[in-house]
Q: 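Structure provided below as structure tokens; questions to follow.
Scope of the values below: all heavy atoms of this structure, side chains included, with no hydrogens, waters or symmetry mates. Just so we're on the same page: letters track the sequence lines, and every chain starts at 1. Bear in mind that the values here come from a model prediction, so they are computed numbers and not experimental data.
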4 protein chains.
Amino acid sequence: MSISVAIAGATGYAGGEILRLLLSHPAYQSGELTIGALTGASNAGARVGDIMPHVAPLADRRIEATNADTLSGHDVVFLGLPHGHSAAIAKDLGEDVAIIDCGADFRLKDAAEWEHYYDSEHAGTWTYGIPELPGNREVIKNSRRIAVPGCFPTGGTLAALPSVAKGLVEPDLSIVSITGTSGAGKKAAVPLLGSEVMGNLRAYNTAGKHRHTAEFLQNLGVYAEDLKVSFTPVLAPTSRGILTTITAPLKDASLSEEAAREVYREFYASEPFVQILAEGLQPQTQSVIGSNLVQIQVEVDQRSGRLLMTSAIDNLTKGTGGAAVQCMNLVTGLNETAGLPQVGVAP
Amino acid sequence: MSISVAIAGATGYAGGEILRLLLSHPAYQSGELTIGALTGASNAGARVGDIMPHVAPLADRRIEATNADTLSGHDVVFLGLPHGHSAAIAKDLGEDVAIIDCGADFRLKDAAEWEHYYDSEHAGTWTYGIPELPGNREVIKNSRRIAVPGCFPTGGTLAALPSVAKGLVEPDLSIVSITGTSGAGKKAAVPLLGSEVMGNLRAYNTAGKHRHTAEFLQNLGVYAEDLKVSFTPVLAPTSRGILTTITAPLKDASLSEEAAREVYREFYASEPFVQILAEGLQPQTQSVIGSNLVQIQVEVDQRSGRLLMTSAIDNLTKGTGGAAVQCMNLVTGLNETAGLPQVGVAP
Amino acid sequence: MSISVAIAGATGYAGGEILRLLLSHPAYQSGELTIGALTGASNAGARVGDIMPHVAPLADRRIEATNADTLSGHDVVFLGLPHGHSAAIAKDLGEDVAIIDCGADFRLKDAAEWEHYYDSEHAGTWTYGIPELPGNREVIKNSRRIAVPGCFPTGGTLAALPSVAKGLVEPDLSIVSITGTSGAGKKAAVPLLGSEVMGNLRAYNTAGKHRHTAEFLQNLGVYAEDLKVSFTPVLAPTSRGILTTITAPLKDASLSEEAAREVYREFYASEPFVQILAEGLQPQTQSVIGSNLVQIQVEVDQRSGRLLMTSAIDNLTKGTGGAAVQCMNLVTGLNETAGLPQVGVAP
Amino acid sequence: MSISVAIAGATGYAGGEILRLLLSHPAYQSGELTIGALTGASNAGARVGDIMPHVAPLADRRIEATNADTLSGHDVVFLGLPHGHSAAIAKDLGEDVAIIDCGADFRLKDAAEWEHYYDSEHAGTWTYGIPELPGNREVIKNSRRIAVPGCFPTGGTLAALPSVAKGLVEPDLSIVSITGTSGAGKKAAVPLLGSEVMGNLRAYNTAGKHRHTAEFLQNLGVYAEDLKVSFTPVLAPTSRGILTTITAPLKDASLSEEAAREVYREFYASEPFVQILAEGLQPQTQSVIGSNLVQIQVEVDQRSGRLLMTSAIDNLTKGTGGAAVQCMNLVTGLNETAGLPQVGVAP
């Protein structure tokens, strides 16, 4: 077998992360996987080393223009494009090509939700790229169109899922996700300058305004009618990582913490990238940086009658590029965990 | 008038912050206020410049030992001591001396709560040092024993107070406070090493275990029977600052955001250090670093039926040392705002 | 006496820092100094609170347009403008107005140097705003046109000056300055994004290319013919602060460290903002953040035959806005140290 | 072939990094390499997951005690022990076992230098673990006792080596290395607290006092009689990474930058982990985090007559754990680059 992959929008943070993972991927190292076109818009013509100096092995490669010519002829095409550009590219590439879209265009099923949050026409719905959702792994394997989820919904959905699906809590989630800055992408903007984010903590797109609210509702609403989600994202002074804390009222006030943890252990028993922490340990983003891991803890707060669910992911790995490579492994028949670190770069 | 002040436990972060504020205080610059004994335990004998190199004007001063001899003879004594040491010092100093305790010993009214959270005998209750609590300013002015509140309860109480007191929300608060590391003090411990906290986000003392839970309940429970508080502190990679986000179910689902904001504006109309932000602005810790300000925003999330209350403070200024100096100003008859910056050190 | 001041380009980092200092300035608090026009270019019309949320006391003020109309009628005008704009403004304002320029336009005496480094016509030379240079304080007092120095030359010149002026070293300086990001200003650019600077260390404008090289040569060349300066600036993941390390060959290999330190102590004996550290202490930026201090250490490295001179400043305070206010104090006859903190915001 | 490895002192930062690399190593993934005893001192008995939560795949493993019993029977033993402990362990393990020591005990050849810098008896000299030193790769392959170099000497030696060996510069180096905090290890100490290092820049062990000075002299002194090294380490607010800047007087003032760069390219032409950057690019630590790369740039500063040599490494990877694994690959006959990332975790 030989697999050739291309990356459209390769010079953004998602593209760079996919490249990082592919270059250490055993299929690349054995020659089974080849890295074809790397495309960009304003960066077309530049060398990889000028734009992504950490991608040393491909420093002299040239970025090509993003179009059907440069992208066709590959088995897998990753998309890291601004909203609204994926549909046209996908149409040109043909149905056999596996397209793995790191953008939002095809994540939502509900056109009204899309239009509410993205203020544009709904392009459609592709297979949602979280293999850990019940039954979804097989769907991904047989799909050629995959929408990689938003980074917040990945960490938050996996933290809340067993509790919501198994009915441990009332469907009224209060979610606070604290994120590094790379989730905002590689776009010049004053509020994202180092001077503005270092030494600073600030919430943004609060009170229902963040677009990922719709993904939380879509993912978890399957298991709970009338689900309510309050989502508060907070920007923190670090480049990578999302820590999500979720509380919800316990259905059974006498639920023991160990019983809750056991529900989680069973739910994710066969998941290679989900780690349910032992009592007393807290998820921390440093533990998962650069890895495809999701660390999860669940705790009972008897006094307030709430369950606390916490998770840590690297927004660029499990939250974007790692999920994309995990999906590539599934659709190409490679080992699902190949090339995806299970140890974080700590400290 | 002449006021002499001493600081017991001067070499910790609270002591250093009080010194910073006093050295720029107009009463110090005019000679009206003098800085007397600065005491420590293991640091006794050392020069201020060796232990607190930022306190340049007093670099050659010697730290003295913490005892009744060194501390007596001052009009105001600030305490920055480990738990359990304040009562003995206070007894020795006499009732006329104004004692402003940055520690926890005298914050709680309920002995059972104290024993539950601090696992030791309750020393008593002093005047609670938040002048912005209704009616509390006059109490502080006439008190000689003041307990400076915990840093989390300061930012969180002021964010939730108008909503709880005016009945905007159900008494079921989900509080997440993201804090810099200086709140943990100047004690050597592996989890607080720079290597461990930079690039990292981690919750701690979760699910009802954090001691400040009791202060939230004490402060806000006055206004709401059966108040429930879920409190999740998160450690973030910055030295100073606490961002607190609180959600609670709206009592009236049709409450407009502007009406909620107007409740806050009226509630804090005459408060010099509380700033209710205009629509569209978010509290950020960078804006309040080094200042005694509390920035607050309140928003309605109609879809989840919740009110979002957010605040930013500097944990060492309004959260500790600034509050202590504000209380000193009140008890000594100085202008309440004297020496307390109202502009943050940003960026 | 009544002093009115205006700030042109008030919404940049220099302007914000000047505002922070003025709002705590005793002359402002007593009503002697008033803050008049705050002007901007693209921000004209916006509220101060929207652009500089840390300037709480003036949150509702409007930014005006930068022109002769808005700026005239003030006693002191601070300029925080891009290169090339100061001359025209200065011409319009009249000779009586004290103009304190935080930009580079009038720093250099040598037109050829200006043209080499700034690639434009030399506008002229104003009084150089370092009061600590021998004889310069009196010149500043009698000047109405002051060029605030670059942030690197401030910290580096003061560190090297006694050694060069007193002939302790050969005139062959190897200077490395590690700086926070705020020195690059509040301009959106990908290399200054938080994601790019956090967790990162990178030199820039190396090997003679940095414009401040000319200022080093101008300031120190007075005392050493054929002075050579190698200047390497490094960007570090912090918002404020510059640590400068300088080595140069000792003229007398037997010079004792204590003798070197004594030369420094004498040189700066009457300087309120220069602190020569005791043996064993190192300058650190945290100690001077938000203050107008310069911390300096000098050490003899016998094995390599070099003298090591180190300094720490806050680039926005002593490096820009603090120096500007210090010059304002001098030209208006206020106390030189008024409103300028001598204690850093640490930790 | 089957290789079993043990790590003594596995719970420190060096041990954790070696584990991270081994767990992704192709020989581990294929079963060819097995991870045996992981030992510690105070942590003996604890689970790996409690002490190193990022090492998820071995979370339930127990740390054993460091002694001959637990360590014997392995083919390769990595040592991450405090100074002075390696000799005794090595003696017990037998001459066939490959011992790779991340500590300093056996780095220096000169007993007097050792005693001067480490104030204890010299234990001896092992093969120095930089394969990139001329001729050293073959020596390593045939050795069973390897001393992994200090992190500063690794980055600095490789940056200066071609210039010194090929006589581009006078043997008078001015070295400034800016480092993250993890180089100081995982030991609780107030100056290394997050609160003390974030927002801070500070030099330490200056003016010839840093122990790594001796390694610089040993490595580069081979090529230059009377070599002089001035070494200034600076602590920066990041966990990983060292940026080293070195200047030295040019021997030939007319040397072109391109000629200098060509010397470097030729010198390291066959080195898989050394990347000489193209003109205009600067080494940055973010580009090499988590990787075994050394990025190097060389520039001519004609005005000061100096050559500027700059390098970036990850102190825990190429500076310690990566170098250790690179040496393991060499001594065991594995592919030298196996398991060693060549792409950094950026941003």
Q: Taking only heavy atoms into account, what residues of residues 338-347 of chain C are found under 4.5 Å from chain B?
A: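 Checking residues 338-347 of chain C against chain B gives Q342(C), V343(C), G344(C), V345(C), A346(C), P347(C).
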Q: Using a 4.5 angstrom heavy-atom cutoff, name the option from Q29(C), Q275(C), M198(C) with the most pairs to chain B.
A: Q275(C)
Q: Please determine whether side chain to side chain contact (heavy atoms under 4.5 Å, CB included) holds for the pair L281(B) and R47(C), giving the CA-CA distance in whole Å, both sets of side-chain angles, and the decisive distance to 0.1 Å.
A: CA-CA 12 Å; L281(B) 295 177; R47(C) 292 182 314 161; 4.2 Å; yes
Q: Side chain, backbone, both or neither: which part of D50(C) has a non-hydrogen atom closer than 4.5 Å to chain B?
A: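 Contact with chain B is through both the backbone and side chain of D50(C).
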Q: Under a 3.5 Å distance rule, please check whether Q295(B) uses its side chain to pair with a backbone N or O of P53(C) as donor and acceptor.
A: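 Pair found, side chain donor or acceptor close to backbone of P53(C).
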Q: Relative to chain C, which of M52(B), K186(B), H54(B) shows the most heavy atom pairs under 4.5 Å?
A: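 Max contact count across the listed options: H54(B).
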Q: Applying a heavy-atom distance below 4.5 Å, give me the residues of residues 238-245 of chain C that approach chain B, sorted by number.
A: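 Near chain B, by residue number: S239(C), R240(C).
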Q: Decide if atom CD of E279(B) counts as having more than 12 heavy atoms of other residues, nucleotides or ligands within a radius under 6.0 Å.
A: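 Check fails, neighbour count at 12 or below.
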Q: Find the one option among S291(B), P57(B), G49(B), P283(B) whose heavy-atom pairs under 4.5 Å with chain C are most numerous.
A: P57(B)
Q: Can you list everything that forms a salt bridge (Lys or Arg N to Asp or Glu O under 4.0 Å) with R202(C)? Sequence neighbours excluded, please.
A: none
Q: May I ask you to list the residues in residues 312-322 of chain C that approach chain B closer than 4.5 angstrom, counting heavy atoms only, ordered by number?
A: L316(C)
